[in-house]
Amino acid sequence: MARRPLPRILSSGSAQIARSREIARTAADSATDVLHPLITVSRGLRKLAALARAKWAATPKERRGPTLLLVAACVLVVALVPYGPLLALVTLMAAAAWKGRERPVVKTGPDDAEIARLKGLYEALVPYFSVPDDPAPLFAHGGDWSGAFAEYAFDGDGRLTRLRITYPPYFTDGEPAARARIEQLLHAKSGRGREYRFDWDEEGNRLVMSVLPALPTTIAAQRFVTVPGETVLGFTDADAVQRTVPVVAADGTEDAPAVVWRTGPRSTEPHLLAVGQPGSGTTSLLRSIALQALPHGDVLIVDGGGTGEYACLTGRDGVLAVECGLSGSLTSLEWAAHETERRLIAANRARQAGHPAPEDTRRPLWILLDRPGVLGHLAAADGRPDPQELLQVPLRHGRAAQVTVVVAEQFDSADTLSEAVRTHTRARIVLGPATPEQIAAVLGAEPHTTPTPQVPAGRGYARLGTGPVLRLQVPATPDPYDDATSEAHRQAVLELLPERRAATTMAIATVTAPEPARSVAAPEPAPAPRAEPEPGPAPLHAPVPAEG
């Protein structure tokens, strides 16, 4: 049986009600705007009347008669003066308008809830900032918290956003364990889920706790304004670095504070190690480094995880190889070791002859190794050498040979990193959620902030050499072939990829031949009596003899 349509009054009733409500709301707003002066005067008259009643109630009974007589005399004088009633009415309306105006409430101090929070925090700090022998303790149970908290600020939810604490001089602020206890307590009492920074002033016995805003995640991969030998690892707080880089973000162009890593012969941190949890963004970091290195150098990629995250770089101009298997990885890393030796020998011969270093030894060579622990496990099971052993020569002599090594590993396999990798990677990065102990184990120092349990991909900490620990947000560089990648990020990565070249079948899987103009020469034999080890099968191209 066909359904019968609803009556018109029922089908259009909700729309008519919504329109009626909108009309009534608009009329009420218009009436409020028009009658705002009358409302202000009426409010002022009520306040003046309430003030007059309060004054009359506070007047003693024996003085009420003379007061009435005085008021009556004033009214009579005003009535007899020309234009007196009109002037009195204008004065009354002006006083009512002034009294009835809406004045913003100025907060002069903390409210009851904020005072209770400050008192609770003060009481929690008493066991750490007091000793029984102190004759005038700054922190004592039931004491005055205003003397210890010189500055404080709260957000709209009543949680602390800034607090400056003055602590007694005998507190052991030079001991990391003592400072960590205070930071953990303040973090727990001030609200979890936010990132706090603690600035200790040991000389002035002051501690400043502040809430840090989240680093922007809207900066994607792009061509950064840098010189050859500089790589933008990510972005940090504005007051942490002295250099900004113009970037294109989701909301326009801006100058962002960047963590710039310098490589080359004069670099004190020629190699980098990145450690993180699964999905923390270490692979995106290596992709970002590769895209920045390709315009000025050659890149050799070894993907130990074998997930195909670097397939977009296969066959590109400047990409020497993208290896996923054990045999190809060993062969490529062996070639990289021989290439480092060849560059050293060629540069040494040129210097002895008084000539500049050959061109093929000055072009940077980048070795990106992702998840070497997986390859090491496969090599041990197959009875073959660990691929990390082949990195000893590039790690030790790579700075002089323009060879840079970047290693990325996960926390669960960090113990498989070789001693050479741990020793020569002075630039360190930790990505993803991690405890302060894990961060300190990788970076060599604890951060001045409290890590949060939930962070976006690419968020972490960086430390270059012996410098300070910096917060870091890696620019979004996802795999453009991944279906989960947004269209904007996919196009940003594809625009940075070099042109493809014709693939050449080689003895190593997934290895393509680079252009002859950018080829890297195989090592040539050294002069007698020292014999140069024969290079393995070059995974890239035919040898090109060095000049000089």
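Side chains are part of it too, since the values below use all heavy atoms of this structure and drop only hydrogens, waters and symmetry mates.
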Checklist outcome for this item: Residues Thr416 and Glu409: closest non-hydrogen pair is OG1-OE2, 4.2 Å
Checklist entry - Should the ring pair Tyr122 and Phe139 be called parallel, tilted or perpendicular, given that the plane angle runs from 0 to 90° and is split at 30 and 60? => result parallel
Next on the checklist: Could you report the tightest heavy-atom contact between Arg471 and Asp237, atom names first, then the distance?
Outcome noted: NH2-OD1, 2.5 Å
Checklist entry - In terms of side-chain geometry, is the basic nitrogen of Glu230 or Arg243 positioned less than 4.0 Å from the acidic oxygen of its partner? => result yes
Item to check | With sequence neighbours excluded, residues passing side-chain contact (heavy atoms from CB on, under 4.5 Å) with Glu151 | outcome: Arg162, Arg164
Item to check | Glu487 CD: over 12 foreign heavy atoms closer than 6.0 Å | outcome: yes
Item to check | Minimum-distance pair of heavy atoms, taken over all atoms of Ile182 and Phe171 | outcome: CG1-CZ, 3.6 Å
Checklist outcome for this item: Note: Pro478 and Thr485 closest approach over all heavy atoms is CG-CG2, 3.5 Å
Checklist outcome for this item: The reported gap from OG1 in Thr404 to CZ in Arg399 (rounded to nearest 0.5 angstrom) is 11.0 Å
Checklist outcome for this item: In terms of heavy-atom contacts, Leu286 and Leu368 come closest through O-CD1, 3.7 Å
Item to check | Greater than 12 external heavy atoms within 6.0 Å of Gln184's CD | outcome: no
Item to check | From CA spacing to verdict: side-chain hydrogen bond (donor to acceptor under 3.5 Å, both in side chains), Thr283, Asp370 | outcome: CA-CA 7 Å; Thr283 302; Asp370 194 0; 3.2 Å; yes
Item to check | For Pro456, side-chain contact (heavy atoms from CB on, under 4.5 Å) partners two or more places apart | outcome: Thr217, Arg459, Gln473
Next on the checklist: So for atom CG, which belongs to Asp112, do other residues, nucleotides or ligands contribute more than 12 heavy atoms lying within a distance under 6.0 Å?
Outcome noted: no
Checklist entry - Are more than 12 heavy atoms from other residues, nucleotides or ligands located less than 6.0 Å from atom NE2 of His424? => result yes
Next on the checklist: Taking NE2 in His377 as the centre, count heavy atoms belonging to other residues, nucleotides or ligands within less than 6.0 Å. Is the count above 12?
Outcome noted: no
Item to check | Which residues share a salt bridge (charged side-chain N to carboxylate O under 4.0 Å, His left out) with Glu389, sequence neighbours left out | outcome: none
Checklist outcome for this item: Residues Pro246 and Val225: closest non-hydrogen pair is CG-CG2, 3.7 Å
Next on the checklist: Is the shortest side-chain heavy-atom distance between Asp201 and Val208 below 4.5 Å?
Outcome noted: no
